[in-house]
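The analysis underlying the following values was restricted to heavy atoms, covering all of them including side chains, and did not include hydrogens, waters or symmetry mates. Not measured: the values here are computed from a predicted model.
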Amino acid sequence: MKRENKPRLLNRLNRIEGQVRGVARMVEDDRYCIDVLTQIQAVRAALAKVETEMLRDHLGHCVEGAIVSGDKDEQRRKAAELIQLLERTAR
C-alpha cells in the first residue's frame, strides 16, 4: 500500500466503523426496517470504495513492481493473488 494513501483509507474506515455503530443503535432502537437497510447499503458502498482504492494501490504498486522487476515468478504470483481474490468475490 502506498504510504500517502494510508491516512485517507484509515479515515474512511473509521467513518465506516461509526456508520456500523449507528446501524447497531438503529436496530437497538427498533427503527424502521427500510431506514436500517438504507444505512446498511451506505456502509456497503463505503466499503466498496475502500476496496476499490486498495485494489488500485495494489495494481499500481505491487503488480506494477512485479512487472517492472522482470521476475516472471513474482508476476505469476501477483496474477494468481488477483485471480484468487476475484474468485472469492464471485462466490
Side-chain angles (χ1 to χ4, degrees):
M1 175 172 29
K2 295 180 188 176
R3 291 183 193 268
E4 64 267 12
N5 290 343
K6 189 174 181 178
R8 188 173 68 237
L9 289 173
L10 288 172
N11 187 35
R12 283 185 180 190
L13 288 168
N14 286 330
R15 281 195 309 256
I16 292 167
E17 182 182 13
Q19 285 179 289
V20 171
R21 282 193 307 269
V23 170
R25 279 191 306 273
M26 291 175 79
V27 171
E28 287 173 358
D29 294 343
D30 295 321
R31 295 280 301 272
Y32 184 56
C33 297
I34 293 298
D35 293 341
V36 176
L37 290 167
T38 298
Q39 289 307 307
I40 290 171
Q41 286 180 333
V43 169
R44 289 175 63 189
L47 277 173
K49 288 180 184 179
V50 171
E51 181 181 27
T52 298
E53 189 62 33
M54 288 292 303
L55 182 57
R56 185 176 285 117
D57 281 356
H58 181 67
L59 290 170
H61 182 261
C62 302
V63 173
E64 183 178 321
I67 292 168
V68 170
S69 75
D71 183 340
K72 298 285 185 199
D73 290 334
E74 184 65 11
Q75 293 168 4
R76 286 185 184 95
R77 269 192 298 279
K78 295 301 177 191
E81 289 173 348
L82 285 173
I83 290 168
Q84 288 174 348
L85 177 71
L86 294 172
E87 285 175 340
R88 286 193 307 263
T89 302
R91 290 185 208 156

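Put simply, the side chain of E64 does not reach to within 4.5 Å of the side chain of L59, judged on heavy atoms. A heavy-atom distance below 4.5 Å is found between the side chains of H58 and L82.
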Report task. With salt bridge (charged side-chain N to carboxylate O under 4.0 Å, His left out) as the test, would you mind laying out the steps for E74 and K78 before giving the verdict? Result -> CA-CA 6 Å; E74 184 65 11; K78 295 301 177 191; 3.5 Å; yes
Report task. Apply the test salt bridge (charged side-chain N to carboxylate O under 4.0 Å, His left out) to residues R91 and E87: give CA-CA distance (whole Å), side-chain angles for both, the deciding distance (0.1 Å), then the verdict. Result -> CA-CA 7 Å; R91 290 185 208 156; E87 285 175 340; 5.3 Å; no
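In this structure, a donor-acceptor pair under 3.5 Å is absent between the side chains of R8 and N11.
Q19 CD to L13 CG: the interatomic distance, rounded to the nearest 0.5 Å, is 11.0 Å.
No single ILVMFWY cluster, assembled from side-chain heavy atoms under 4.5 Å apart, contains both M54 and V63. If you chain together hydrophobic residues whose side chains sit under 4.5 Å apart, L55 and L10 never meet in one group.
By the 4.0 Å N-to-carboxylate-O rule, E81 lies too far from R77 to be salt-bridged with it.
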Distance-only check: which donor-acceptor pairs under 3.5 Å involve side-chain atoms of residues 26-49, not counting sequence neighbours?
| from | atom 1 | to | atom 2 | distance (Å) |
| --- | --- | --- | --- | --- |
| T38 | OG1 | I34 | O | 2.7 |

